[in-house]
Q: 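Can you keep this structure in mind? I'll have questions shortly.
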Amino acid sequence: MFSSNRWRRLAAVVVAVLAGTALNGSPAAAEGPEQIVNGTFGSGHAPWWATGNLTLDSSSGQLCADVPAGTVNPWDAIIGQDNVPLVAGETYEFRFFGTATPARVGKALIQLPVDPYTQYLSATPELSVSGNDYTYTFTSPVDLPNAQVAFQIGGSATAWRICLDNVSLQGGAEPEEYVPDTGPRVRVNQVGYLSKGPKNATLVTDATTPLPWQLRNAAGAVVARGTSTPRGVDASSGQNVQSISFTSYAKKGTGYTLVADGETSRPFDIGTDFYERLRIDALKFYYTQRSGVAIDEALRPGYGRPAGHVGIAPNQGDTAVPCQPGVCDYTLDVSGGWYDAGDHGKYVVNGGISVHQLMSEYERSLYSRTGEIRTLRDGTLALPESGNRVPDILDEARWEQEFLLKMQVPAGRPYAGMAHHKIHDAAWTGLPLLPHVDPQRRELHPVSTAATLNLAATAAQAARVFQPYDRRFAQRNLAAAKAAWAAAKANPAIYADPADGVGGGAYNDDDVTDEFYWAAAELYISTGAREFRDAILASPHHTADIWRDRGFDWGHTAQLGRLALATVPNALPGRAKVRASVVAGADRYLTTARAHPYGIPYAPAENTYDWGSNNLVLNNAVVLAAAFDITGKGKYRDGVVETMDYLFGRNALNQSYVTGYGEVASHNQHSRWYARQLNPDLPNPPTGTLSGGPNSSIQDPVAQQKLQGCAPQFCYIDDIESWSTNELTINWNAPLAWIAAFAADQDNGDARGGR
Ligand code: 9MR
């Protein structure tokens, strides 16, 4: 099980930070009429109700209940009140006093009383034995005569007691303004800059004329100075900014700060060690995402846990998983693989791009001018397989690839050779919930052409990368890839249902021409066969401008094919043009990055950041890195390294998006098992975990409550319940690992190749 000691030490710090946030946004007292009936429990507790496993007791003048041990989801035990009226546009103040014995985190909701239980307020009060007053405000988006106030208190393995008092909901409150603590206005890469690499920072200031800056070492001595460059108002943050460049300073060290406009930046290093560390950490992330195997505490101190979904109760899978009703009449053993994200789902679309980028990182280490294959060798990632003479990165990739193979419909069944789109719980579960205690029924969902082509592409790639290490596995993959390709051609338009999103994500995609192109590319590189060459040359994606400003992802995979054709040796006619097209894409991203005051190759149309924007930022950097590998021109390498500055803290929020990297970093990513924010006995995500990052569409209740009207870079909150801005996923850590390895390979930033 998770060991909790190391996490407990941090508890006091976290509480202090949370309190600070609450103070920042504390609203003026509400004025409107009281909407809660009998919130003081002076004489009984009607009309409050509870689920059948609770007995309400108001004899003390507070409303108390003993919460039984062994429920799974927060909503398995509820104290609630119905028929609470809400007026659209009105801002309400919701208050209550609460205690928990022993202390634990509760959940308070104001929501639609029926499916889909839309939440207008979602709060996670840290209840203590002595008790606290809690105050939250929210603005109702709806006119609703019968909203529900619900204290969801299930999901605990052990019994505890809750008491509530002075529950109040009043309109007329001043809208709460959530103000993130963004620290000093000098925004730097809080981790470090490569010694001979680019060194850029962004200053948030009202000043519109150049300002002096100083670089100071750890002792406070000024070691470099210069003048900033006004950049005007940055659209992605709404801030007036200036940029600072101190590239020429190259002395390695720790504890540097940048001083400008009366502000001192957070400290940073100059050196390389941090990328060497991230190269490993970003890949070690995958072992603790593994399904179907116990996580060994000795290999990941603080993260050991029993095997999830191996057919041991209360789990219902994944060793003999049936289809959704009416979809198929067989069961499959689909145990293993990685959990997709903070949920327990496993998706072939998304598993595909993730395992591909790990294998691609391996291939880059073989074929690029700065690649360092030894850094990925056997024994580097502390895996159960370490010591088997296979590079650890391939051992980790194989864990997922074996699962993808299991998702293929066996011979003799309808749609043989196609892959099931996904397997996950029949209904959504709550947080926290460790994998081995998930009681939900697991189901295979219909086959899809996209999943089948993800399998074809990754199996074709696996066939070549595993050839030197395990010929039989390589051949098994090649056969699966060919069968998948044939099945996809026979069923070219079976699309995942966009509405199939209960208990897991939909990952729907109704244009699979790009998946056909990617699969053809991988199959061609591995086989050289004419059929695949012809498919590549006939695809509209082969010559189209595929370098979209929003980058590539699980639903846009033509770029994966183009990059593979450009960087992995093959005999495709006209390959020089393919390589030139990658450089042309990189030129466009470099233009974007140079125009961006925060230095990133991501400025999407309409100035809206996507779900998982950090991953798109990174994938655009992958194109820059490929252009460096093709041309050796330092400007592309610099573009990649500067992109990492943004993820490490040179951004509007002045925070790193990688757990464990940088003074202030994301650590509450949405996850059912790294859920320390909800249960202090659980850990935070492991060091080296990327958060999805700002999402302009703010698609979860916490984001909707706190981030209304946000400029793109501000559409983010490090809260475990903000799944649309702050999740962790296998497909987001993959480009992080890929780019970390690229950056580490640049040594001091002076790798071969000129400007
Ligand atoms: O990463 C996915 C993003 O591109 C989509 O916009 C979003 C909504 O469909 O879903 C994201 O994927 C989630 C998946 O559906 C379920 N597991 C967690 C994934 C990350 O949030």
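Remember, it's 1-based here, ligands and their atoms both numbered in the order they're listed. Excluded from the calculations below are hydrogen atoms, water molecules and symmetry mates; all remaining heavy atoms, backbone and side chain alike, are included.
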Q: For ligand 1, which of its N or O atoms have a protein N or O partner closer than 3.5 Å, and how long is each gap?
A:
| unit_1 | atom_1 | unit_2 | atom_2 | d |
| --- | --- | --- | --- | --- |
| ligand 1 | 4 (O) | Trp554 | NE1 | 3.0 |
| ligand 1 | 12 (O) | Tyr507 | OH | 3.2 |
| ligand 1 | 17 (N) | Asp340 | OD2 | 3.0 |
| ligand 1 | 17 (N) | Asp343 | OD1 | 3.3 |
| ligand 1 | 17 (N) | Asp343 | OD2 | 3.4 |
| ligand 1 | 21 (O) | Trp611 | NE1 | 3.1 |
| ligand 1 | 21 (O) | Glu727 | OE1 | 2.9 |

Q: Looking at Tyr495, I want to see if its OH is surrounded by more than 12 non-hydrogen atoms of other residues, nucleotides or ligands under 6.0 Å.
A: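 Above 12, so yes.
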
Q: Show, in sequence, the C-alpha distance, side-chain angles and deciding distance for Lys406 and Asp318, and conclude whether the salt bridge (Lys or Arg N to Asp or Glu O under 4.0 Å) test is met.
A: CA-CA 11 Å; Lys406 290 178 177 180; Asp318 294 349; over 6 Å; no

Q: Please evaluate residues Gln669 and Tyr674 with respect to the criterion side chain to side chain contact (heavy atoms under 4.5 Å, CB included), reporting the C-alpha separation (whole Å), side-chain torsions for both, the decisive distance (0.1 Å), and the verdict.
A: CA-CA 8 Å; Gln669 288 95 324; Tyr674 310 128; over 6 Å; no

Q: Kindly determine whether Asn726 and Tyr716 satisfy side chain to side chain donor-acceptor pair (under 3.5 Å), including the steps that lead there.
A: CA-CA 7 Å; Asn726 195 37; Tyr716 172 81; 2.7 Å; yes

Q: Is the ring centre of His309 less than 6.0 Å from the ring centre of Tyr339?
A: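 So the answer is yes for these two rings.
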
Q: If you round to the nearest 0.5 Å, how far is CG of Asn607 from CG of Asp234?
A: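 Reported value, rounded in 0.5 Å steps: 8.0 Å.
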
